[in-house]
2 protein chains.
Amino acid sequence: MTRIDDVARLAGVSTATVSRALRGLPTVSEATRQRVRLAAEQLGYTASPSASRLAGGKAGTVAVLVPRISSWFSGAVVDAAEELLRPAGYDLLLRTVGGRSRAQERLPGTADLPKRVDAVLLVATPALVSAAPVFAAPAFGGRPLPGVTVAAGAPVPGWPSVGVDDVAAARTATEHLLQLGHRRIVCLSGDATDDLTRPADLDRRWGYREAMLAAGTPAEGILEFAARAGVEGGRQATAKLLARGTPPTGIVATCDELAMGAIVALCRAGLRVPADVSVIGVDGHQFARAIGLSTVAQPAAELGRLAAGTLLDRLSGARHDDTEPGRVILPTRLILRETTAPPRAH
Amino acid sequence: MTRIDDVARLAGVSTATVSRALRGLPTVSEATRQRVRLAAEQLGYTASPSASRLAGGKAGTVAVLVPRISSWFSGAVVDAAEELLRPAGYDLLLRTVGGRSRAQERLPGTADLPKRVDAVLLVATPALVSAAPVFAAPAFGGRPLPGVTVAAGAPVPGWPSVGVDDVAAARTATEHLLQLGHRRIVCLSGDATDDLTRPADLDRRWGYREAMLAAGTPAEGILEFAARAGVEGGRQATAKLLARGTPPTGIVATCDELAMGAIVALCRAGLRVPADVSVIGVDGHQFARAIGLSTVAQPAAELGRLAAGTLLDRLSGARHDDTEPGRVILPTRLILRETTAPPRAH
DNA sequence: TTGTAGGCGTTATCAT
DNA sequence: ATGATAACGCCTACAA
């Protein structure tokens, strides 16, 4: 592998000049810079990251922590974040930090983060993760690792957070059914013990309750039903629900995947959507549009971009104030499609 | 941040011993190892990756190159791969290498890979990417970067590849419809100019053709229809197809998302699936099961695990032979559900 | 504007 | 089994 001296020799300058020229530092004459660039190109030279990081003191890397990357939300956020981070010169270190269960093991393999990355992007991780000691105060006076949380279960002290108001989102969804005239509405939500269930689910359940209660629903009218995560989980839970007796006239699912599963179950049970029962989700999943699912959409990609931008600001030292970092809440949008309608008059 | 000398001092040994002890090298007495471990723990010491990499010569990182991470396939593969790579001590460097269009720009920001990672995992990337010079021969005698391709559009010379036989998969799907008695079958495939269309789509189209031709279909019976990627793309394309005149009795989609879109379009057009038209996909998407979509499933997670395992073998130097690396083809499974049936007798 | 030299924190080599 | 002591390849004062 070619090293910096090779380039220096070829260009007829010192290694220091090569370093400066290639990194675009101002104290280099245009002429030399050109010569150095040419030499570097000819040799196919690239600075060794380990060496520059060691010498320069910055990792040039952002850790992306997700429960798992194979979920539409993580994927959308990370894709969007990468679009800003890469051009800014940062690499993405991907790490799954496990769901609720694994999180308890003190976030295994996270202690090395401060030395390995410049900042952290925490996506859709459960509350326990936020309490990880690494995020709080690295041993002995090192300043805390900068970071941002996106739709996390709990804020990390000192980190800004971006997300949506999940309580309000679910409330909006529920209110929509209420306004259509529905009264017997069940909330289908992710089983909290399921690692795949996102932390947002909990808030969304609260949103459902609030809306129902505000509408004067008696306590026994709060109909909550837990499902394993994913479309299949939603289908199974709904099937079970239908087997129990009179179906509800409306279903609010805490995420679109569950909603889609519910629709499948309803169709198979011979019930028509929305003629017999209305279904609305929360998420704005890619599939929702094609399926015609009514939903309260959250701007996943926008959240990713915003988080990345915030991180970059912080890293470039633009904002280094000690004021408690902000909590940005992006708006959700109620999107009415073909799965919600007034209940059948009986 | 605590450094190795701090630990050495506290443990009363030299830095060399600390290094050896912590890395589990054999030439350390159990007693000292314990003392060192304790000291390290007390100080919360973690070796600086930049320094170890610089000194040790290995990056401890695997680059994961995907067109985009927000696709069910990439996500599934990467999640599975991470499960092997992390415990083995490797970090994942995530990078999107752009689709067809961006790939032409000589894979911007890939030239640094040899110095940054120990190996590469190339997932579902188009053919052009495989030709990237970095993968072939780093300048001046450095040995080529090890790597594996997963479901890539073209093999990288010298790298093993894992994947499925996409031609056969689509052929199987098509033959299924053929055997049910369908004759007027259209193939719905991803628009090749769409960055989001996976390279496998092309092969799958061939599979359709082969099956049709083998069944004695005249050339004008080969009905191919391109769609933008995703469920919505499949829906739109199918809607357009239906608007053109007599619908086919069967649709083979080159991926499940397109198949789901097709189903939506058919339903909206008042056609019943499978009574009026049968639909079968290829992929084994998470949603397929819940939706009841018949499909030819590929083992995405298994591919990821296999790729990671292969990489680890190669990295541990277990196999360093110069024989041309293997091409592992995992079997696909025809899964019959509720979207395929014999055509209506007319 | 450019060159010189010391240091970044580990690991590897060679003694002991 | 353990301790000095060079590398490792680059960056950053400081000097010129």
Side-chain angles (χ1 to χ4, degrees), chain A residues 1-37 39-40 43-61 89 111-112 114-118 138-140 142, chain B residues 1-37 39-40 43-61 89 91 112 114-118 138-140 142:
Chain A
M1 302 251 187
T2 67
R3 301 170 316 170
I4 199 170
D5 344 1
D6 300 322
V7 181
R9 206 170 311 123
L10 182 60
V13 296
S14 74
T15 62
T17 302
V18 173
S19 174
R20 292 189 280 243
L22 258 26
R23 280 179 307 149
L25 295 196
T27 63
V28 177
S29 78
E30 252 333 289
T32 354
R33 195 189 299 281
Q34 289 308 334
R35 240 181 326 130
V36 173
R37 282 224 181 98
L43 298 172
Y45 169 77
T46 310
S48 150
S50 325
S52 13
R53 286 164 190 184
L54 179 55
K58 26 194 97 282
T61 304
D112 58 340
K115 283 189 178 172
R116 199 174 295 262
V117 303
D118 297 318
F140 296 21
Chain B
M1 302 251 188
T2 67
R3 301 171 316 168
I4 199 169
D5 344 2
D6 300 321
V7 181
R9 206 172 309 122
L10 182 61
V13 295
S14 75
T15 61
T17 302
V18 173
S19 175
R20 290 189 282 244
L22 258 26
R23 281 181 304 151
L25 295 195
T27 63
V28 178
S29 78
E30 250 337 286
T32 12
R33 194 189 301 280
Q34 289 308 334
R35 240 181 326 131
V36 173
R37 281 224 181 98
L43 297 172
Y45 169 77
T46 310
S48 152
S50 323
S52 345
R53 287 165 190 183
L54 179 56
K58 29 194 94 280
T61 305
D91 268 328
D112 58 339
K115 283 190 177 173
R116 199 174 294 261
V117 303
D118 297 318
F140 297 21

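Side-chain atoms are counted along with the backbone in the values below, which use heavy atoms only and exclude waters and symmetry mates. By convention in this document, chain letters (A, B, ...) are assigned in the order of the sequence lines, proteins followed by strands, and residues within each chain are numbered from 1.
With contacts defined as side-chain heavy-atom distances shorter than 4.5 Å, the pair A:Pro49/B:Asp112 does not qualify. The side-chain heavy atoms of A:Arg20 and A:Thr27, taken from C-beta on, include a pair separated by under 4.5 Å.
One interatomic measurement links the two molecules: CZ of A:Arg35 to P of C:dT1, which rounds to 14 Å at whole-angstrom precision. One interatomic measurement links the two molecules: CG of A:Leu54 to C1' of C:dT11, which rounds to 12 Å at whole-angstrom precision. Between B:Lys58 atom NZ and C:dA12 atom P the separation is 8 Å, expressed in whole Å. Remark: P of D:dA1 and CG of B:Leu25 are 12 Å apart, rounded to the nearest angstrom. Taking atom CG on A:Leu22 and atom P on C:dT2, their separation rounds to 14 Å, with Å as the unit. The CG atom of B:Asp5 sits 10 Å away from the C1' atom of C:dT10 (whole-angstrom rounding). When the C1' atom of C:dG7 is taken as reference, atom CZ of B:Arg3 falls 11 Å away, rounded to whole Å. If you measure from atom CZ of B:Arg53 to atom C1' of C:dT10, you get 12 Å, rounded to the nearest angstrom.
In this structure a side-chain-to-backbone donor-acceptor pair under 3.5 Å is missing from A:Ser50 to A:Ser48. The backbone N or O of B:Leu25 sits less than 3.5 Å from a side-chain atom of B:Arg33, completing a donor-acceptor pair.
The side chain of B:Arg23 places an N or O atom within less than 4.0 Å of a non-bridging phosphate oxygen (OP1 or OP2) of C:dT11. The phosphate of C:dG3 (OP1 or OP2) has a side-chain N or O of A:Thr17 nearer than 4.0 angstrom. The shortest distance between the side-chain N/O atoms of B:Ser29 and the OP1/OP2 oxygens of D:dT2 is below 4.0 Å. Side-chain nitrogen and oxygen atoms of A:Lys115 include at least one within less than 4.0 Å of the OP1 or OP2 phosphate oxygen of C:dT10. Contact check, A:Ser19 against D:dC11: a side-chain N or O comes under 4.0 Å of OP1 or OP2. Residue A:Tyr45 has no polar side-chain atom (N or O) positioned under 4.0 Å from OP1 or OP2 of D:dG9. Within the structure, a side-chain polar atom (N or O) of A:Ser14 is placed less than 4.0 Å from OP1 or OP2 of C:dG3.
Contact annotation for A:Ala16: base contact, defined as any heavy-atom pair under 4.0 Å involving a base atom. Contact annotation for A:Thr27: base contact, defined as any heavy-atom pair under 4.0 Å involving a base atom. At the heavy-atom level, B:Thr32 lies under 4.0 Å from the strands shown only through sugar-phosphate atoms. Heavy atoms of A:Arg20 sit under 4.0 angstrom from at least one base atom.
For the atom pair CZ (A:Arg53) and CG (B:Leu54), the distance works out to 12.0 Å, reported to the nearest 0.5 Å.
Between A:Asp6 and A:Arg9 there is a salt bridge, since at least one side-chain N of the basic residue sits less than 4.0 Å from a carboxylate O of the acidic one.
When distances are taken from the side chain of A:Ile4 to each of D:dC11, D:dC8, D:dG3, the shortest belongs to D:dC11. For A:Ser52, the listed nucleotide lying nearest its side chain is D:dC11; candidates were D:dC11, C:dT10, D:dT2.
In this structure, B:Ala51 and B:Val28 both approach DNA chain D, and ranking their closest nucleotides by distance from the 5' end singles out B:Val28. Toward the 5′ end of DNA chain C lies the nearest nucleotide of A:Pro26, the other residue of the pair B:Ala47 and A:Pro26 mapping further downstream.
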